Visitor: 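I have a structure I would like to understand better, so I am pasting it below and will then ask my questions one at a time.
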Amino acid sequence: MNMTLNEKRCIPCEGGVPPLTHEEIEPFYAELNPEWKVVDAHHLERKWSFEDFATALDFLNKAGQICEDEFHHADFEIGWGRVNAVIYTHKIDGLTESDFILASKIDLLDGQ
């Protein structure tokens, strides 16, 4: 039985591996919330809207804890009523399976 992305753990990238190709990205992308966008096969992007800054900050803190737990970190931007995330593997300047794992774990916050 195959594990879903959110059941897997991020694997630290030490470089030396090629970024995922368009074809390799597709099955991982299919498991994510459709609000995620793959941009130029380089990174994942998603935006969330909230009723106020405090709610956005609470979401960001929860998402940040997931990043810490996985030791894989997204780039976040926060403002009044919004959080934007960009995820990619900086070491190889592209996407790996771990980027999709992280996104899928952040997706779990949507139901909270």
Side-chain angles (χ1 to χ4, degrees):
M1 181 172 152
N2 289 337
M3 289 194 298
T4 60
L5 284 174
N6 63 29
E7 295 172 316
K8 295 181 178 183
R9 296 295 312 229
C10 292
I11 299 167
C13 180
E14 312 227 339
V17 297
L20 295 174
T21 64
H22 287 282
E23 294 75 27
E24 293 168 323
I25 286 169
E26 285 306 314
F28 296 131
Y29 183 59
E31 285 194 54
L32 297 182
N33 181 303
E35 293 292 315
W36 285 102
K37 304 297 178 227
V38 176
V39 179
D40 299 328
H42 173 266
H43 63 273
L44 296 169
E45 242 177 55
R46 185 166 175 199
K47 298 173 173 41
W48 292 265
S49 295
F50 301 94
E51 62 217 27
D52 55 31
F53 187 83
T55 308
L57 183 58
D58 182 55
F59 172 85
L60 179 58
N61 285 330
K62 289 176 181 172
Q65 187 58 57
I66 291 169
C67 293
E68 282 293 293
D69 293 345
E70 293 298 318
F71 202 68
H72 190 52
H73 299 89
D75 295 329
F76 291 105
E77 178 186 80
I78 188 171
W80 193 95
R82 68 176 171 79
V83 173
N84 301 337
V86 172
I87 301 174
Y88 67 100
T89 300
H90 293 77
K91 196 85 163 173
I92 63 166
D93 196 29
L95 289 166
T96 65
E97 182 181 11
S98 290
D99 300 311
F100 291 88
I101 291 169
L102 182 61
S104 73
K105 289 177 183 280
I106 294 171
D107 280 347
L108 295 175
L109 296 175
D110 286 349
Q112 294 184 15

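Values below: all heavy atoms of this structure, side chains included; hydrogens, waters and symmetry mates excluded. Remember, it's a predicted structure, so these values are computed and weren't measured experimentally.
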Visitor: Nearest 0.5 Å please: distance from the NE2 atom of His72 over to the CD1 atom of Ile66.
Guide: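 The distance works out to 12.5 Å.
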Visitor: For Phe71, is the CZ atom crowded, meaning more than 12 foreign heavy atoms sit under 6.0 Å from it?
Guide: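 Check fails, neighbour count at 12 or below.
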Visitor: Are Thr55 and Asp52 linked by a side-chain donor-acceptor pair shorter than 3.5 Å?
Guide: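 Yes, side-chain donor-acceptor contact under 3.5 Å.
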Visitor: Applying side-chain contact (heavy atoms from CB on, under 4.5 Å) to Leu57 and Phe50, what does each step give before you reach the verdict?
Guide: CA-CA 9 Å; Leu57 183 58; Phe50 301 94; over 6 Å; no
Visitor: Supply the atom-to-atom distance Arg46 CZ to Glu35 CD, rounded to the nearest 0.5 angstrom.
Guide: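 Interatomic distance, Arg46 CZ to Glu35 CD, rounded to 0.5 Å: 5.5 Å.
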Visitor: Do you know which two heavy atoms are closest between Gly94 and Pro19, and how far apart they sit?
Guide: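 Distance-wise, the nearest heavy atoms are CA-CB, 3.9 Å.
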Visitor: Checking Asp107 side chain against Asn33 main chain: does a donor-acceptor pair fall under 3.5 Å?
Guide: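 Yes.
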Visitor: Can you name the closest pair of heavy atoms from Ala74 and Cys67 and give their distance?
Guide: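 Taking every non-hydrogen atom into account, N-SG, 3.6 Å.
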Visitor: Let me confirm one number: the CG-NE2 distance from Leu95 to His43, rounded to the nearest 0.5 Å.
Guide: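 The NE2 atom of His43 is 8.5 Å from CG of Leu95, to the nearest 0.5 Å.
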Visitor: If I compare all heavy atoms of Leu109 with all of Ala63, which pair ends up nearest, and what's the gap?
Guide: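 So the minimum-distance heavy-atom pair works out to CD1-N, 3.6 Å.
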Visitor: Taking only residues two or more places apart in sequence, or in another chain, which ones meet Phe76 in a ring pair (Phe, Tyr, Trp, His ring centres under 6.0 Å)?
Guide: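 Ring pair (Phe, Tyr, Trp, His ring centres under 6.0 Å) list for Phe76, sorted by chain: empty.
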Visitor: Is the side chain of Ser104 donor-acceptor paired with the backbone N or O of Ile101 at a distance under 3.5 Å, no angle test?
Guide: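 A pair under 3.5 Å: yes.
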Visitor: Measure across His73 and Glu68 and return the closest heavy-atom pair with its distance rounded to 0.1 Å.
Guide: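 Closest approach of His73 to Glu68, heavy atoms only: NE2-OE2, 2.7 Å.
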Visitor: With sequence neighbours left out, what residues match Trp36 under ring pair (Phe, Tyr, Trp, His ring centres under 6.0 Å)?
Guide: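 For Trp36, the residues satisfying ring pair (Phe, Tyr, Trp, His ring centres under 6.0 Å) (neighbours in sequence not counted) are Trp48.
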Visitor: Under 4.5 Å between any side-chain heavy atoms of Leu44 and Leu102, yes or no?
Guide: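 No; the side chains remain at least 4.5 Å from each other.
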Visitor: Return the CD1 to CD distance between Ile87 and Glu45, rounded to the nearest 0.5 Å.
Guide: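 Taking CD1 in Ile87 and CD in Glu45, the distance rounds to 10.5 Å.
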Visitor: So Thr96 and Phe28, side-chain contact (heavy atoms from CB on, under 4.5 Å) or not? Walk me through it.
Guide: CA-CA 10 Å; Thr96 65; Phe28 296 131; over 6 Å; no
Visitor: Would you say the side-chain atoms of Asn61 and Gln65 include a donor-acceptor pair closer than 3.5 Å?
Guide: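 Side chains of Asn61 and Gln65: no pair found under 3.5 Å.
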Visitor: When rounded to the nearest 0.5 angstrom, what distance separates CG in Asp40 from NE2 in His22?
Guide: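 Here the interatomic distance stands at 8.0 Å.
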Visitor: Are Leu20 and Phe100 close enough that some pair of their side-chain heavy atoms sits under 4.5 Å apart?
Guide: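 Yes, close enough: below the 4.5 Å cut-off.
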Visitor: Answer with yes or no whether the hydrophobic clustering places Val86 together with Ile92; edges join I, L, V, M, F, W, Y residues whose side-chain heavy atoms lie under 4.5 Å apart.
Guide: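 No, because Val86 and Ile92 fall into different hydrophobic clusters, even though each may have its own neighbours under 4.5 Å.
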Visitor: Test: salt bridge (charged side-chain N to carboxylate O under 4.0 Å, His left out). Region: residues 78-101. Which pairs qualify, not counting sequence neighbours?
Guide: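 The answer is Lys8-Glu97, Glu77-Arg82.
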Visitor: Measure the spacing between CD of Glu70 and CD1 of Ile106 and express it to the nearest 0.5 Å.
Guide: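 Here the interatomic distance stands at 9.5 Å.
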